[in-house]
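Note that the structure is a prediction, hence the values are computed from the model and not measured.
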Amino acid sequence: MSANKIQHKVNHVALVVDCSGSMRPHESQLIRVVDEFVAGLKAESDSLGHETRISLYSFDHRVENLVWDMDVKHLPSMRGLYQVNNGATALIEASLKSLDDLGHIWEEYGEHSFLQIVVTDGEENASGGDRRHDGDMAILGPWLDRITAKMGGLPGHWTSAILVPNSLAKRTAQNYGFPAGNIAIWDADSQKGVEEAIGTVRAAATSFLRGREHGVRGTKNLFAVGQDISVDEVRANLEPIPADKYRLLKVDKEVEIRPFVNSHPGVTYERGSCYYQLGARAQVQQNKEVIVVEKDTDRAYTGDAARSLLFGTGVQGTVSVKAGNNPKLEVYVQSRSVNRKLKPNTRLLIML
């Protein structure tokens with residue numbers, strides 16, 4: 001009997017969102033884009049045949065569970081659930097609370113994976129007591145010990161990630177135990193910041209779900225793209241570019257894009273005709289085209305489906321991504337800058 005048993009995939013996603021006073025300018029937009037994020041989870045889960053369940057938390061100096069392990073197909077809008085308050089930021093307490101809660105889920109049947117994503121525009125200042133008022137920083141010590149122990153002891157099928165507002169907050173998150181590859185920076189001061197942040201989260205969640213199809217149940221490189229797609233998927237979904245319509249140039253040292261292109265015979269720099277190889281984290285705007293190249297053959301593919309294949313169905317706006325480790329494929333992003341610095345040991349694709 002056990003040989004015929006269906007071991008279905010169950011994904012438990014916890015989205016933990018800052019609701020402290022500094023989030024007030026983003027409140028209405030955050031509700032909309034979180035709803036879009038949930039819709040993306042539903043669409044991707046349906047296409048893959050997964051069961052995906054979502055929990056939502058908000059936090060200021062208090063942590064509140066808004067939705068608990070609900071099938072994404074039945075989740076109502078965040079409207080009426082999420083509300084910005086005037087409190088401080090209990091970041092550690094919120095991160096721990098959501099992880100501890102997920103730990104109560106029974107995993108005896110099915111193949112379970114857990115994904116926690118925290119979104120904050122500030123740094124810890126309230127776990128164990130609101131230190132805006134009492135000034136007692138010593139109380140934070142036990143919380144630091146707890147979160148580093150928790151993060152260090154997560155099983156391999158658990159993934160914990162966070163979006164933070166700046167480089168200092170990124171280093172702090174690493175000290176808490178968040179893997180460097182699971183930390184992304186978002187612009188908490190811009191009008192489009194929240195939309196870009198959730199776009200980044202949505203692309204990451206899509207990558208996570210697709211990775212499950214390849215046997216990956218947890219990752220320490222969540223905010224990377226291209227690592228979860230195959231050559232067969234690229235050939236099936238994208239359009240091949242004729243070999244005489246593009247060239248690939250090797251970049252040996254850091255150099256500006258325009259003089260680099262113009263130094264090669266037979267090509268002249270034209271804005272929008274060049275595509276840099278995605279490596280370290282980059283902001284990819286909605287109007288930027290992407291190309292996927294087979295490493296072994298240098299065959300290039302693009303088309304309307306390219307962004308969806310890489311970032312997820314329906315992901316809008318700017319996404320903050322870096323290249324994942326894919327032994328067969330490379331990702332190239334359109335550049336319209338005349339002074340973009342090309343990185344050494346990469347390549348540049350030029351459309352002719």
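- Hydrophobic clustering keeps Trp68 apart from Met78 (ILVMFWY residues linked when any side-chain heavy atoms are closer than 4.5 Å, directly or through intermediates).
- To the nearest 0.5 Å, atom CD of residue Glu107 and atom CG of residue Leu102 are 10.0 Å apart.
- Salt bridge annotation for Arg307-Glu289: absent, with no cationic side-chain nitrogen under 4.0 angstrom from a carboxylate oxygen.
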Inset, instruction - Kindly determine whether Asn325 and Asn221 satisfy side chain to side chain contact (heavy atoms under 4.5 Å, CB included), including the steps that lead there. - result: CA-CA 9 Å; Asn325 181 23; Asn221 203 26; 5.6 Å; no
Inset, instruction - Might you work through the side chain to side chain contact (heavy atoms under 4.5 Å, CB included) test for Asp244 and Leu352, ending with a clear yes or no? - result: CA-CA 8 Å; Asp244 60 349; Leu352 303 176; over 6 Å; no
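- With hydrophobic clusters built from ILVMFWY side chains whose heavy atoms lie under 4.5 angstrom apart, Phe37 shares a cluster with Val194.
- Using a 4.0 Å cut-off between a side-chain N of Lys or Arg and a carboxylate O of Asp or Glu, Asp35 and Arg79 do not qualify as a salt bridge.
- Side-chain N or O atoms of His8 include none that pairs as donor or acceptor with a backbone N or O of Gly49 at under 3.5 Å.
- Each of Leu248 and Val333 belongs to its own hydrophobic cluster when Ile, Leu, Val, Met, Phe, Trp and Tyr are linked at side-chain heavy-atom distances under 4.5 angstrom.
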Legend entry - Check against side-chain hydrogen bond (donor to acceptor under 3.5 Å, both in side chains), Asp60 and Ser20: CA-CA 4 Å; Asp60 51 1; Ser20 60; over 6 Å; no
Inset, instruction - Applying side-chain hydrogen bond (donor to acceptor under 3.5 Å, both in side chains), run through Tyr276 and Gln334 and close with a yes or a no. - result: CA-CA 7 Å; Tyr276 63 91; Gln334 187 178 34; over 6 Å; no
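- Atom OH of Tyr246 sits about 8.5 Å away from atom CZ of Arg299, to the nearest 0.5 Å.
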Inset, instruction - For side chain to side chain contact (heavy atoms under 4.5 Å, CB included), just list the numbers for Val63 and Leu96, CA-CA rounded to whole Å, side-chain angles, deciding distance to a tenth of an Å, and then say yes or no. - result: CA-CA 10 Å; Val63 183; Leu96 282 169; over 6 Å; no
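- Residues Cys19 and Gln83 approach most closely at CB-O, 3.6 Å, considering heavy atoms.
- The aromatic ring centres of His157 and His112 sit 6.0 Å or more apart.
- Taking every heavy atom of both residues into account, Pro76 and Leu81 meet most closely at CG-CD1, 4.5 Å.
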Inset, instruction - Decide side chain to side chain contact (heavy atoms under 4.5 Å, CB included) for Ile117 and Val16; before the verdict, give the C-alpha distance in whole Å, the side-chain angles of both, and the deciding distance to 0.1 Å. - result: CA-CA 6 Å; Ile117 303 177; Val16 187; over 6 Å; no
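- Nearest heavy-atom pair across Leu342 and Ile257 is CD1-CA, 4.0 Å.
- A heavy-atom distance below 4.5 Å is not found between the side chains of Tyr275 and Thr302.
- The closest donor-acceptor contact from the side chain of Arg247 to the backbone of Met351 lies at 3.5 Å or more, if one exists at all.
- Checking side-chain atoms of Glu124 against main-chain N and O of Ser127 turns up a donor-acceptor pair under 3.5 Å.
- Listed for the Asn11 side chain is no donor-acceptor partner under 3.5 Å among the backbone atoms of Ser113.
- Distance CZ/Arg210 to CG/Leu309: 5.5 Å, rounded to 0.5 Å.
- For the pair Lys97 and Glu93, the salt-bridge criterion is not met [side-chain N within less than 4.0 Å of a carboxylate O].
- Taking 4.0 Å as the cut-off between side-chain N and carboxylate O, Lys9 and Glu51 do not count as a salt-bridged pair.
- A salt bridge is defined here as a Lys NZ or Arg NE, NH1 or NH2 lying under 4.0 Å from an Asp or Glu carboxylate O, and Lys328 with Glu294 fails to meet this definition.
- Side chains of Leu209 and Leu41 form a contact here, defined as non-hydrogen atoms less than 4.5 Å apart.
- Contact check for Ile147 versus Ser95: side-chain heavy atoms found under the 4.5 Å cut-off.
- Heavy atoms of other residues, nucleotides or ligands lying less than 6.0 angstrom from NZ of Lys250 number more than 12.
- The heavy-atom pair separating Ser160 from Pro179 by the smallest distance is O-CD, 3.8 Å.
- The shortest distance between side-chain heavy atoms of Val293 and Tyr332 falls below 4.5 Å.
- Counting heavy atoms from C-beta on, the side chains of Ile350 and Leu249 come closer than 4.5 Å.
- Side-chain atoms of Thr148 come within 3.5 Å of backbone atoms of Asp145 as a donor-acceptor pair (strictly under, hydrogens ignored).
- The shortest side-chain heavy-atom distance between Arg53 and Val13 does not fall under the 4.5 Å cut-off.
- When all heavy atoms of Thr219 and Thr159 are compared, the pair lying nearest together is N-OG1, 2.9 Å.
- Few gaps surround CG on Asn287; more than 12 heavy atoms of other groups in view lie less than 6.0 Å from it.
- Proximity of Pro165 to Ile185: side-chain heavy atoms (C-beta onward) are nowhere separated by under 4.5 Å.
- With hydrogens and angles ignored, the 3.5 Å screen pairs a side-chain donor or acceptor of Asn166 with a backbone N or O of Leu168.
- Residues Ile241 and Leu310 do not share a hydrophobic cluster, clusters being chains of Ile/Leu/Val/Met/Phe/Trp/Tyr side chains in contact below 4.5 Å.
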Legend entry - Criterion side-chain hydrogen bond (donor to acceptor under 3.5 Å, both in side chains) on Arg258 and Asn339, from CA distance to verdict: CA-CA 6 Å; Arg258 182 161 60 178; Asn339 57 3; over 6 Å; no
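- We find that Asp100 and Lys150 are joined by a salt bridge, their nearest charged nitrogen and carboxylate oxygen being less than 4.0 Å apart.
- In the hydrophobic clustering of this structure, Val72 groups with Leu56; members are Ile, Leu, Val, Met, Phe, Trp, Tyr whose side-chain heavy atoms approach within less than 4.5 Å, directly or through other members.
- When all heavy atoms are compared, the tightest approach of Phe260 to Val251 is CZ-CG2, 3.8 Å.
- Checked for salt-bridge contact, Arg340 and Glu256 miss the test: no charged N lies under 4.0 Å from a carboxylate O.
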Legend entry - Candidate pair Asp121 and Ser22, rule side-chain hydrogen bond (donor to acceptor under 3.5 Å, both in side chains), full reasoning: CA-CA 7 Å; Asp121 72 338; Ser22 56; 2.7 Å; yes
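- Between Asp298 and Arg347 a salt bridge is recorded (basic side-chain N to carboxylate O distance below 4.0 Å).
- In this structure, the side chains of Met23 and Leu30 come closer than 4.5 Å at one or more pairs of heavy atoms.
- The OH atom of Tyr269 sits 15.0 Å away from the NE2 atom of His264 when rounded to the nearest 0.5 Å.
- Note that CD of Glu254 is 11.5 Å distant from CG of Asn345, once rounded to the nearest 0.5 Å.
- Annotation: the span from Ser28 atom OG to Tyr82 atom OH amounts to 10.5 Å, rounded to 0.5 Å.
- Put simply, the side chain of Lys295 gets close to the backbone of Asn326: a donor and an acceptor are under 3.5 Å apart.
- Checking each of Tyr57, Trp158, Phe178 against Gln116 for a side-chain contact (heavy atoms from CB on, under 4.5 Å) leaves exactly one that passes, namely Phe178.
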